[in-house]
Amino acid sequence: MKRVFSGVQPTGNLHIGNYLGALKQFVDLQNDNECIYCVVDMHSITVPQDPKELKKHTLDIAALYMAVGLDPKKSIIFAQSMVPGHAELNWVLTCNSYTGELSRMTQYKQKSKGEESAPTGLFMYPVLMAADILLYDTDIVPVGNDQKQHIELARDLATRVNNKYGKTFVVPEGKFMKAGARVMAMDDPTSKMSKSAPNEMSRISLLDEPSKIKKAIMRATTDSEGIVRFDIENKPGVSNLLSIYSAFSGKTIEQLEKDYEGQGYGALKKDLVEVTVDALAPIKANFNEIRESQELIDIMKDGAERANAIATPVMNRVKERFGLGL
Ligand code: ATP
Ligand code: LTN
């Protein structure tokens with residue numbers, strides 16, 4: 001069995017990009033692998049968070065994990081801050097990373113906007129992510145396309161330490177969806193759908209009302225050609241709608257192009273509203289039930305214990321290799 005690890009930040013409601021790019025894979029992987037899914041609360045404090053809200057959001061994401069189909073009997077679900085190894089390994093990896101390679105991370109460049117007052121945590125974000133992954137001897141990391149560069153860094157750090165100190169870490173592989181690896185914003189199909197974009201209509205959240213979903217899809221930016229055809233370069237809006245449709249319905253893009261031949265974008269959008277609303281309805285119903293239940297906290301405590309039991313021997317190995325402690 002391969003070991004799988006991934007994480008999601010507890011910031012705001014998850015959108016269909018998070019679902020189609022990441023969470024859907026989490027669920028698919030849990031039957032044939034040993035899966036560890038973390039709510040990365042320590043990553044979220046790289047920018048200021050309201051403490052009460054943060055706790056709430058951590059439980060929200062754990063409940064969403066289960067609402068989309070993660071089974072706590074099969075997958076380990078917990079919050080990053082509940083296992084001390086993440087912070088410990090973060091330091092060891094920090095001492096083996098270079099400021100040059102971290103300065104080249106696109107997410108850092110975008111989020112820091114080159115400002116002197118950018119938080120150091122933002123700069124170190126990818127090292128903590130590498131620590132999350134390497135702490136569990138992870139083989140596979142299911143994520144959206146935007147995380148490719150961070151996965152590459154985790155691989156580089158693992159290889160670097162292995163070369164210098166002897167085999168210490170498993171070198172992990174990223175895993176990306178065919179359709180859904182990069183869901184674009186509804187209002188601007190040249191930038192990725194994001195939790196933090198100011199325009200609510202740019203995203204479809206997993207807990208959105210059907211009326212909101214309808215509005216966002218019907219208003220989605222397309223083009224004036226009027227032909228339903230997949231062409232990311234020239235028709236990013238229509239291509240994005242086709243990708244989302246394909247990911248939710250399981251139909252291929254070619255099939256969808258045929259189905260909508262001779263029809264305008266209106267028909268495509270109308271059906272996509274239905275497909276999306278139907279796909280999200282059970283998630284929403286499950287979420288409300290799980291979020292209210294007392295069990296959720298017990299599941300996370302149990303998850304943290306199980307995660308810690310895997311992390312401790314890895315951390316002991318790291319300390320041994322580096323000569324830390326007695
Ligand atoms: P934001 O959406 O605000 O940019 P983020 O990327 O920091 O947030 P996370 O919650 O950390 O969001 O991401 C969880 C997972 O969702 C990651 O695997 C990430 O690659 C994936 N993901 C995020 N946005 C998209 C998207 N638009 N399309 C596909 N996958 C995505
Ligand atoms: N950086 C990721 C979240 C994340 C993660 C991880 C993903 C933190 N640690 C470890 C996979 C494995 C993001 O999606 N923004």
Side-chain angles (χ1 to χ4, degrees), residues 3-26 29 35-47 49 57-58 60-62 64-65 68 78-81 83 85-87 89-90 93 105-108 110-111 121-122 124-136 138-155 157-158 172-200 202-206 236 240 243-244 247 307 311:
R3 189 168 289 147
V4 173
F5 180 95
S6 195
V8 172
Q9 297 191 73
T11 42
N13 259 337
L14 295 190
H15 49 70
I16 58 170
N18 300 127
Y19 176 65
L20 296 175
L23 276 95
K24 202 158 171 276
Q25 304 197 68
F26 296 5
L29 287 163
C35 293
I36 307 172
Y37 297 121
C38 186
V39 183
V40 289
D41 52 353
M42 296 201 298
H43 273 103
S44 68
I45 62 164
T46 49
V47 295
Q49 303 288 338
H57 284 149
T58 297
D60 286 346
I61 299 296
L64 268 173
Y65 273 173
V68 300
F78 70 108
Q80 188 183 31
S81 61
V83 175
H86 293 259
L89 185 53
N90 178 46
L93 294 179
M105 294 288 133
T106 23
Q107 185 174 302
Y108 170 70
Q110 279 164 0
K111 296 203 171 174
L122 268 190
M124 299 310 303
Y125 181 111
V127 179
L128 179 59
M129 175 163 163
D132 298 341
I133 297 168
L134 302 184
L135 184 61
Y136 296 96
T138 302
D139 300 296
I140 300 170
V141 189
V143 276
N145 260 356
D146 61 316
Q147 296 301 311
K148 262 192 182 152
Q149 202 185 20
H150 290 163
I151 302 285
E152 234 9 83
L153 179 80
R155 290 169 55 83
L157 291 176
E173 305 262 352
K175 191 169 186 300
F176 310 91
M177 287 299 251
K178 275 206 195 92
R182 191 168 173 81
V183 175
M184 308 310 278
M186 290 284 130
D187 60 338
D188 171 14
T190 59
S191 57
K192 78 162 190 139
M193 186 176 284
S194 161
K195 285 186 228 165
S196 42
N199 181 6
E200 267 292 317
S202 69
R203 64 186 153 261
I204 296 171
S205 295
L206 298 184
N240 189 38
S243 296
I244 297 170

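Atoms within a ligand are numbered from 1 in the order they appear, just like the ligands themselves. Side chains included, hydrogens not; waters and symmetry mates left out as well; all remaining heavy atoms used.
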Q25 and K175: which non-hydrogen atoms are nearest, and at how many Å?
NE2-O, 3.0 Å
When every non-hydrogen atom of L23 is compared with those of L64, the smallest separation belongs to CD2-O, 4.5 Å
Ring centres of H150 and Y108 under 6.0 Å apart?
no
Quick check for you: to the nearest 0.5 Å, what is the distance between Q110 atom CD and S194 atom OG?
10.0 Å
Minimum heavy-atom distance A311-V83, with the two atoms named:
CB-CG1, 4.2 Å
Kindly tell me which protein residues have any non-hydrogen atom under 4.0 angstrom away from an atom of ligand 1, grouped by chain and ordered by number?
V8, Q9, H15, G17, N18, G21, A22, V143, G144, D146, Q147, G180, A181, R182, V183, K192, M193, S194, K195, S196
Residue set satisfying side-chain contact (heavy atoms from CB on, under 4.5 Å) with P10, at least two apart, ordered chain then number -> V39, D41, S44, L54, H57, T58, I61
For Y136, is there any backbone N or O sitting under 3.5 Å from a side-chain donor or acceptor partner on R3?
yes
Contact residues of ligand 2 (heavy atom under 4.0 Å), by chain and number
F5, S6, G7, Q9, V40, H43, Y125, M129, D132, I133, V141, V143, Q147
Grab the two heavy atoms, one from H43 and one from Y125, that are nearest each other, plus how far apart they are.
NE2-O, 3.1 Å
Could you tell me which residues satisfy side-chain contact (heavy atoms from CB on, under 4.5 Å) with S243, sequence neighbours excluded, listed by chain and number?
F230, I253
